[in-house]
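To keep things clear, I will list the structure first and then write my remarks on it.
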Amino acid sequence: MSDKLEKARAFETRYGPFISEEERPAFHLTPTIGWMNDPNGFSYYQGEYHLFYQYYPYATEWGPMHWGHVKTKDFLHWERLPAVMAPDKPYDEGGCFSGSAAVLPDGRHLLAYTGVQEHLTADGRKKQTQTQCLAIGDGVNYEKWHLNPVLTGADLPEGSSPADFRDPKIWQEADGTYRMIVGTRTKDKGGAVVIYRSEDGLDWSLVGPLDHSYSQYGEMWECPDFFPLDGKQALLVSPVEMCPIGLEFHAGHGTVCILGSYDKEKNQFVREHIQAIDYGIEFYAPQTIQTQDGRRIMIGWLANWNTLAGKPRDCRWYGQMAIPRELSVKNGRLLQNPIREIEQYRCNKVSYQDVLICGETNLHGVTGRMIDMTLNIRPVDGNTYEFFRVSLAKDGEYVTTLRYKPGVSVLKIDRTRSGSNADMVHTRSFMVRPRNGVLKLRILMDRFSIEVFANDGEQAASVAIFTRQEANAISFDAVGSVLLDVEKYDINFT
Ligand code: FRU
């Protein structure tokens, strides 16, 4: 083991335990200590699900990337394991960037990641070279492959950028061969995804380009994923510097799902539908896994590069993962719902039917910061109303609201008063589709986040909030009248 990795392991072992469980979310993963960004290496290995993450243990800032490591049986309890990689080789001394995992034919665990090297150009500019690298291990200890890097800029199609060539996602096909897709940037300032093939997981060669943004959906595509889902093929990407498009795609770092069909023989991906993955403020770089029981589960970073100004100053961890989501396709669109395992931890059910809401209303038993709550909102006798609003994580000072305007079918999430006074985006609006006038919202809260799933997963929206836990009131109000059903559970992890 290198000195750098040994140092990181010693640091997290020594200081990690100082962070009490109450300082963290209960079922959303946070780093052992320090900084976490993208999920990496989400995989099934020797009977357990492993997850790695972009990690800098020494500060709550991004720094030279290590890989942190946890494993889980239920996607909600995460057992901490020692960090597995540090930037300790000449080809990755600028960081071990994002990547993924598969299993080698001999049963060893294979990690694929991006090695970053920094150098100065002749005119004094800092430049990066990004290459694809491997590490092989046993579920605890990993060794970087002696033939690293396995893919370099020379393996990119003409016109792609070797400085932006990152985030390999690997998987094994039914015939035992492996595929890898990698994100890159094209000359026309667009994002692109390129696909590679390997017989043994170690020796890789270019198949060709898979898709690109045509300068429309972002300037660089990070963290791609590609998999079959309910008869379609899904391509997920996290675009950088998106131009906004209506309420579907907001400016900056976003998440995009492209559904289509894929001809493996011809390496031809034909798009049918494109949509945002998350319509909230904090969500980025998701990665998926196929579980043993056949579900496609996605986990994302519940943060965003554009809103880091809002992070708390005195916390010893920063970065949490969103709740894993079960993916499916219905009517040609992506559906996302919280992983069903969360239902095992529900308790203290409180329910109300047909409550008339026309002014501010509190309902006995409807409070909390670790909850799973479903609301059904409908008009009274078909009459229209101006808006309905639910206020969450509330006390005299703080509140996060969800406001629905049926006239325009827009749901707005507003965390302007949720702990951060940083000058950054605090609201996001997106379209929802009520069914027969009924809007259904499932709301998950876990101390420092709110995740909303509209109409059985047609839209998902996540935000991070950093207010005191005593801000736990929930109220409802409307201009005009609505009828409301509430089913609310506390989540109990003890
Ligand atoms: C996405 C990303 C990746 C990169 C990693 C670095 O959030 O920018 O493209 O590999 O973070 O930490």
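Atoms within each ligand, like the ligands themselves, are counted from 1 in listed order. Computed over heavy atoms, backbone and side chain alike; hydrogens, waters and symmetry mates excluded.
Figure legend: Arg428 and Phe249 shown without cation-pi pairing, the cationic atom not lying both under 6.0 angstrom from the six-membered ring centre and within 45 degrees of its axis.
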Give me the pairs of N or O atoms, one from ligand 1 and one from the protein, that sit under 3.5 Å apart.
residue	atom	partner	partner atom	Å
ligand 1	7 (O)	Asp38	OD1	2.7
ligand 1	7 (O)	Asp38	OD2	3.2
ligand 1	7 (O)	Trp305	NE1	2.8
ligand 1	8 (O)	Glu222	OE1	3.3
ligand 1	8 (O)	Glu222	OE2	3.0
ligand 1	9 (O)	Arg166	NE	2.9
ligand 1	9 (O)	Asp167	OD1	3.4
ligand 1	9 (O)	Asp167	OD2	2.7
ligand 1	9 (O)	Glu222	OE2	3.0
ligand 1	10 (O)	Ser98	N	3.1
ligand 1	10 (O)	Asp167	OD1	2.5
ligand 1	11 (O)	Asn37	ND2	3.2
ligand 1	11 (O)	Asp38	OD2	3.1
ligand 1	12 (O)	Asn37	ND2	3.0
ligand 1	12 (O)	Gln54	OE1	2.7
ligand 1	12 (O)	Trp62	NE1	3.0

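A search for side chain to side chain donor-acceptor pair (under 3.5 Å) contacts involving Lys73 returns Glu48, not counting sequence neighbours. With sequence neighbours left out, Arg14 forms a side-chain contact (heavy atoms from CB on, under 4.5 Å) with no residue at all.
Between the side chains of Tyr318 and Glu61, not a single donor N or O lies within less than 3.5 Å of an accepting N or O.
Applying the side-chain hydrogen bond (donor to acceptor under 3.5 Å, both in side chains) test to residues at least two apart or on different chains, the pairs with a partner in residues 178-189 are Asp164-Arg185, Gln172-Tyr178, Thr177-Arg179, Thr186-Asp188.
When all heavy atoms are compared, the tightest approach of Arg24 to Pro31 is NH1-O, 2.7 Å.
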